[in-house]
Amino acid sequence: MADKNTKEMSFLDHLEELRWMLVRSVSIILVLAIVAFFFSDFIFTDILFGPKDPDFITYHFFCKVTQFFGFTDSDICNVEMPFIIQNTDMGGQVSLLIWVSITVGFVVGFPFILWEVWKFISPALYSKEKKYAGAFVIISSFLFFIGVLFGYFIITPLSVYFFGSFTTSTEIVNEFNLESYTSMIKTSVIACGVLFELPIIIYFLSKMGLITPEFLKKYRKYALVIVLIVSAIITPPDVISQVIVAIPIMILYEFSILISYLVVRKQLKESNSN
């Protein structure tokens with residue numbers, strides 16, 4: 001019989017479980033952050049400041065794509081980074097090293113954090129739902145890492161290129177604060193990782209009856225407009241780059257509609273059979 005956990009837990013018991021879940025999650029992040037600390041030279045030189053290099057792989061990719069479609073004079077083929085990054089705080093670099101290490105620890109430890117979250121909510125699930133724990137962690141982690149890669153290799157370099165080369169006057173020299181530069185990269189990477197969790201979020205919202213496929217279809221055109229606006233802001237001024245950024249996000253949105261449809265249809269079948 002597919003019943004929920006028959007053992008009732010008091011409010012204090014739930015708080016205790018939540019506390020230990022947070023302790024274990026924070027612990028794994030800190031352990032991985034310490035490991036990242038020892039690879040700080042690689043993380044900073046090759047990863048953090050990679051998008052600042054005009055020879056970064058993304059710029060070559062966009063150049064070849066735009067040339068393939070006939071845009072031979074695209075600015076993305078002549079990337080220049082006329083800016084410098086400066087540190088203005090006494091302990092700025094130390095603080096940055098700590099927070100970058102913690103961010104790396106969070107990204108790498110994301111599957112473990114998901115597992116801890118699943119263990120915390122599992123007592124409220126039915127027996128047939130608990131068997132999907134492995135699938136939940138694997139699929140959610142896969143989507144998150146795909147989002148992180150999308151954020152790093154697509155959103156971040158295009159943002160660095162746009163803001164780094166943008167100027168309103170030749171009298172103005174771009175000298176970006178170290179914290180501002182790294183904050184933009186961290187935000188882009190983590191935000192895209194969370195954005196790519198959209199199908200998982202829609203799945204649970206659909207199961208709770210808060211979202212329907214009809215609702216998602218109704219507001220599809222608004223979602224498309226928002227995505228195109230964001231793409232136009234962060235990409236070079238050519239249509240091809242904007243489309244390359246917008247397509248994966250809209251595919252994700254359409255996939256979420258399918259997920260919602262399957263969940264609602266399954267719920268209707270179960271209610272009709274009862």
Side-chain angles (χ1 to χ4, degrees), residues 57-58 61-62 65 69 106-118 121-122 125-126 128-159 185-235 239-272:
I57 185 174
T58 300
F61 169 75
F62 273 85
V65 172
F69 286 98
F106 171 78
V107 171
V108 177
F110 188 76
F112 181 87
I113 297 172
L114 281 179
W115 179 254
E116 287 295 328
V117 172
W118 182 270
I121 66 174
S122 62
L125 302 177
Y126 291 99
K128 62 180 181 180
E129 295 174 325
K130 294 180 181 179
K131 65 181 180 181
Y132 296 118
F136 166 77
V137 173
I138 292 174
I139 295 175
S140 298
S141 300
F142 175 76
L143 291 173
F144 178 78
F145 288 133
I146 291 296
V148 166
L149 293 175
F150 181 79
Y152 178 73
F153 284 104
I154 303 296
I155 302 298
T156 294
L158 292 179
S159 298
I185 294 180
K186 289 189 293 182
T187 300
S188 299
V189 170
I190 299 299
C192 285
V194 174
L195 175 63
F196 272 62
E197 293 293 315
L198 183 61
I200 302 298
I201 296 172
I202 293 298
Y203 171 81
F204 284 105
L205 291 178
S206 298
K207 283 188 70 68
M208 292 186 291
L210 300 177
I211 290 291
T212 63
E214 289 74 20
F215 174 85
L216 295 174
K217 291 178 182 177
K218 179 181 178 180
Y219 291 97
R220 176 195 281 125
K221 57 184 178 181
Y222 300 107
L224 176 60
V225 171
I226 294 173
V227 169
L228 290 176
I229 292 175
V230 173
S231 301
I233 292 174
I234 65 174
T235 59
V239 177
I240 299 300
S241 300
Q242 297 169 15
V243 171
I244 290 175
V245 171
I247 285 178
I249 300 177
M250 288 311 302
I251 290 176
L252 201 66
Y253 189 85
E254 294 298 326
F255 184 63
S256 298
I257 294 177
L258 175 61
I259 293 294
S260 180
Y261 169 75
L262 294 175
V263 170
V264 172
R265 188 180 68 171
K266 183 178 179 180
Q267 290 177 333
L268 289 175
K269 285 185 179 180
E270 291 177 350
S271 61
N272 293 333

Which pairs would a plain distance check flag for residues 135-145, meaning a side-chain donor or acceptor within less than 3.5 Å of a matching protein atom at least two apart in sequence or in another chain?
{"from": "Ser140", "atom 1": "OG", "to": "Phe136", "atom 2": "O", "distance (Å)": "2.8"}
{"from": "Ser141", "atom 1": "OG", "to": "Val137", "atom 2": "O", "distance (Å)": "2.6"}

- Message: In terms of relative ring orientation, are Phe106 and Phe110 parallel, tilted or perpendicular, with 30° and 60° separating the classes?
- Response: perpendicular

- Query: Is a side-chain N or O of Ser206 found less than 3.5 angstrom from the main chain of Val263, in a donor-acceptor match?
  - Reply: no

- Would you say the side-chain atoms of Thr156 pair up with the backbone N or O of Gly151, donor to acceptor, closer than 3.5 Å? yes

If you define the side chain from C-beta out and look only at heavy atoms, does anything of [X] sit under 4.5 Å from [Y]?
X      : Y      : value
Ser188 : Tyr152 : no
Leu114 : Trp118 : no
Glu254 : Ile251 : no

About how many Å separate [atom2] of [Y] and [atom1] of [X], when rounded to the nearest 0.5 Å?
X      : Y      : atom1 : atom2 : answer
Glu197 : Leu252 : CD    : CG    : 9.5 Å
Leu216 : Ile259 : CG    : CD1   : 11.5 Å
Ser256 : Ile211 : OG    : CD1   : 10.0 Å
Ile155 : Leu149 : CD1   : CG    : 12.5 Å
Ile249 : Ile154 : CD1   : CD1   : 10.5 Å
Ile257 : Leu198 : CD1   : CG    : 9.5 Å

- Task: Compare every heavy atom of Ser260 with every heavy atom of Thr212, then report the nearest pair and how far apart it is.
- Result: C-OG, 3.4 Å

- Note on the structure: Between Phe255 and Pro199, the two heavy atoms sitting closest are CD2-CG, 3.7 Å

- Assess whether atom CG of Leu262 is packed by more than 12 heavy atoms of other residues, nucleotides or ligands within 6.0 Å. yes

- Trace of the side-chain contact (heavy atoms from CB on, under 4.5 Å) decision for Leu205 with Phe215: CA-CA 12 Å; Leu205 291 178; Phe215 174 85; over 6 Å; no

- Note on the structure: Residue set satisfying salt bridge (Lys or Arg N to Asp or Glu O under 4.0 Å) with Glu214, at least two apart, ordered chain then number -> none

- Go through the steps for Leu224 and Tyr253 under the test side-chain contact (heavy atoms from CB on, under 4.5 Å), then give the verdict. CA-CA 9 Å; Leu224 176 60; Tyr253 189 85; over 6 Å; no

